[in-house]
Asks: 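A single structure is presented below for examination.
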Amino acid sequence: MPLDSPIDRAREVLRRTFGHDEFRGYQAAVVEEVMAGRNALAVLPTGGGKSLCYQVPAILRDGLGIVVSPLIALMADQVAGLQQLGVAAARLDSNIGPDERERIWRSLGEGGLDLLYMSPEGLMAPNMLERLSNRPIAIVAIDEAHCVSQWGHDFRPEYRMLGRLAEVFPNAPRLAVTATADARTRDDIRNELRLADAREFVDSFARPELQLSAERKAGQGHGRVEELVKERPGRSGVVYTGSRDGTEKLAARLAESGVHAMAYHAGLDKQLRQDRLSRFLDEDGAVMVATIAFGMGIDKPDVRFVIHADPPASIEAYWQEVGRAGRDGLLAEGITLYGSADMAWAFRRIDEREVSPEVKQVQVRKVRQLYSMLDGMNCRAAAVRRYFGEERVEPCGQCDLCLGPPEARDATEQAQKALSAVHRMGGRFGRGRIVDHLLGKTKEVRPEEAALSTFGLGQELAATEWRDLIDQLLFEGLLREEPNDGRPLIGLGDAGVVREVYRGERRVQQRVFAAPARARKERRGRLGAMTEVAPADRPLFDALRAWRKDQAALQAVPPYVIFHDKTLLEITAARPTTLDALSHAGGVGQAKLDRYGAAVLEVVAATP
Ligand code: ADP
Ligand code: ZN
C-alpha cells in the first residue's frame, strides 16, 4: 500500500485535530514546503490562518516545533487554543513559574511536546539555545516576522538576533510568517533572518469581510466617536486613540453613556491591564479604548469594529489595526477619523526622530501615502492592496467610497485664492483666520490686512466649504500645517507644486459627497444581515452561547477558545442530532467532539 504523501497526512491532521475541511489559500503550499524540510516566507492576510502553517508541520514532523512570537498575550491564546484541541503545546515566558517550567522541560525531554512558544529574547538566551540545540527540531517558526524590519512600524531590535537561528538549527526548516510586509520589508526579512533561499508565498491582501470607511474629523472632541460606538450596540470593538490620556477620557465618556468600555494603555498597572484584557476577551459587547500598545497578538475572533479616533501611523499599521476586526470571517467594520492636524503631528514626530535621513524620507512618504488613501476618492481596500504590491485589483464594492463615490469639483480658482491669501498673510495664522480673511469677515481687522487684495475675495464659498478646501490643500501638500502646540499655523507647502497651481498647470479637485447618510445606512443594513441570527434561530444561538460561557468560566479561558461564534452559527443552522452531524461544523475536531459533543447535542435538543 502506498504511504500517504505529506500533504495528505497534513490534511488528515487539519480535519481530525482542527476540524477544518480544507486548507485555505496558500496554507497547503506552505505546509508542503515546510514538510519537505525547506525554509519559507509566508505573507498571509490577518485571519488567513498563518498559525496552521507551522502548527500542522510541528505536529507531524519529528521533534519539537519552536514558535517565536513577540507578545505573551498572543502566545497564551494560541497555547490555550491548542490545548483545547488536544495538542501538546506550551509556552515559556516570564509569567511561567518554576514548577510549570520544570514540567515543560520534563515533557520536552520525553519528546512529548509538539509546540513550544517563546519570545525572541527568551529563545536566544544562551542557556536556552544550548538546551535546545541538541534536540530534534521539527520547525522553527517566526511569527510577526515584519518586526525584524526597521522600515516597518513594529520594529523590534530583539528580532535581529533571530538571524543566528540559521546556525543554531541548521537542519530545521525555518518559516517566517507575517500579515504585513511590502516588498522592501520582505527583503529585510530575508536578509536579517537569513532566508535567502526561502520560497516566498504572498497571498492577496484582500479582506472581503472588512467594510472600510474614513471621515475627516469635524472637530477636536470625541462626539463623533461616541456616536459611532453607540450606533453599534452590543458589538465588541476596539477604539484606537493617539494618547494615553485620550483613552481614559474617551472610555469614561463611553461608559457614562452606557457602553461597556474600558481604557487600555502601557501606562496602566500590569494587573489592571490583564484584568481589562480578560474582560474584553470574555464579556459580550466589550469595547476597548486603547493606544496601539493594545492589539498585536489579540486574536479575539469576533471583534466587530475597529474605530481609529486618531489615525494610524502608516498603511501597514492601518491594515494591521483594522485587521483585528472580523478575524472569524464574519462582516466587520474599520472606521477611521483623521485630520490635517494629525498629519502635521506625524511629520513633526518623524522630524524629531534620531534616524538617518534615508529612513526619515521613507517614513514621510509612508505618511503621505496613508493620507492620500484616507482622503482619496477611490476604493480604500484597492488602494491598500495596491500599496502592498498587488496588481489587477478590483474595487471592493463595499467601502464608503465604493458605496457613495464622491464627485470631483474643479476648485483650482479657489485654491489659487486660498494659496495667495496664505502667502500674503505670511504663514502666521490658523485656518479660521484665513477663512475669515477670504470672506472679509475678520473681526477688528487691521487696515494693513484689509488692504490686501485677497481680503474678502472669496465670497463664492461658505465658511465650511473654505475649511474643507483648505484641508484638501493640506492633504495634497500644497499647504503645510505647523502644529504650534495645538494652535496650528498654516503656511505654503511644496513651492514647486504651489507654483504649478498658480499658473493653472495643475488642477485642484475638491471632493464633494453626494449623500453620505444614505451610504452609511446601506452599510449598516448589510452588516446586520451578515452577522445577526435569524429571529427563529435566536434562542438556540443564545443557549449555545450561554453554555459556552459557562464552559469558558469553568476552565478560565476565553469563550472563543471553546468554539468560535462562526462554529456556533453553523451549529445553530444545522441543528445536528448526532455526533457525526455535529462534526461537520467548521472548527469541531475530534478532541472537541469528544469533549463537548454530547453537551452541545443536549443544548440543541433542549432548545426549541
Ligand atoms: P492569522 O494568524 O493568519 O490571522 P489564524 O491562524 O489565527 O490567522 O486563523 C484565523 C482563523 O481562521 C482561526 O479561527 C482559524 O481557526 C481559522 N482557520 C485557519 N485555517 C482554516 C482553514 N483551513 N479552514 C477553516 N478555518 C481556518
Ligand atoms: Zn471599495
Asks: Less than 4.5 Å apart, side chain to side chain, heavy atoms only: is that true for P406 and L401?
Replies: yes
Asks: May I ask you to say whether R207 pairs ionically with E209, meaning some side-chain N is under 4.0 Å from a carboxylate O?
Replies: yes
Asks: Looking at E390 and F205, would you say the former's side chain and the latter's main chain have a donor-acceptor pair under 3.5 Å?
Replies: yes
Asks: Go through the steps to decide whether W319 and Y387 satisfy the test ring pair (Phe, Tyr, Trp, His ring centres under 6.0 Å), and finish with yes or no.
Replies: CA-CA 11 Å; W319 210 229; Y387 174 87; over 10 Å; no
Asks: How far does SG of C379 sit from CG of D400, to the nearest 0.5 angstrom?
Replies: 9.0 Å
Asks: Rounded at 0.5 Å granularity, tell me how far CD in E215 sits from CG in L374.
Replies: 11.5 Å
Asks: Within the side chain of K592, is there an N or O that forms a donor-acceptor pair under 3.5 Å with the backbone of I562?
Replies: yes
Asks: Apply side chain to side chain donor-acceptor pair (under 3.5 Å) to Q27 and list each qualifying residue two or more places apart in sequence or on a separate chain.
Replies: none
Asks: Salt bridge between K50 and D143, side-chain N to carboxylate O under 4.0 Å?
Replies: no
Asks: Please work out which of the three classes, parallel, tilted or perpendicular, describes the rings of F294 and F280, given edges at 30° and 60°.
Replies: perpendicular
Asks: Are there over 12 heavy-atom neighbours, none belonging to R575, within less than 6.0 Å of that residue's CZ?
Replies: yes
Asks: Hey, what do you get for CG (L193) to CZ (R160), rounding to the nearest 0.5 Å?
Replies: 9.5 Å
Asks: Regarding R235 and E333, does a basic nitrogen lie under 4.0 Å from an acidic carboxylate oxygen?
Replies: no
Asks: Count the heavy atoms of every other residue, nucleotide or ligand shown that sit under 6.0 Å from CG of N191, and state whether that count exceeds 12.
Replies: yes
Asks: State the CZ-CZ distance between R232 and R304, to the nearest 0.5 angstrom.
Replies: 12.5 Å
Asks: Counting only N and O atoms by type, is there a donor-acceptor contact under 3.5 Å from the side chain of R327 to the main-chain atoms of P301?
Replies: no
Asks: Mind checking the CD1-CD spacing from I315 to Q320? Nearest 0.5 Å is all I need.
Replies: 13.5 Å
Asks: Working to the nearest 0.5 angstrom, can you tell me the gap between R279 CZ and L281 CG?
Replies: 12.0 Å
Asks: Determine which pairs satisfy salt bridge (charged side-chain N to carboxylate O under 4.0 Å, His left out) with at least one residue from residues 13-37, sequence neighbours left out, and list them in order.
Replies: R11-E22, R15-E22, E33-R38, E33-R199
Asks: So do the side chains of H146 and R186 get within less than 4.5 Å of each other, counting heavy atoms only?
Replies: no
Asks: Would you call the rings of H20 and F18 parallel, tilted or perpendicular, taking 30° and 60° as the class edges?
Replies: parallel
Asks: Tell me whether the count of non-hydrogen atoms from other residues, nucleotides or ligands lying under 6.0 Å of CG in D62 goes above 12.
Replies: no
Asks: Considering only heavy atoms from C-beta outward, does the side chain of R174 approach that of F169 to under 4.5 Å?
Replies: no
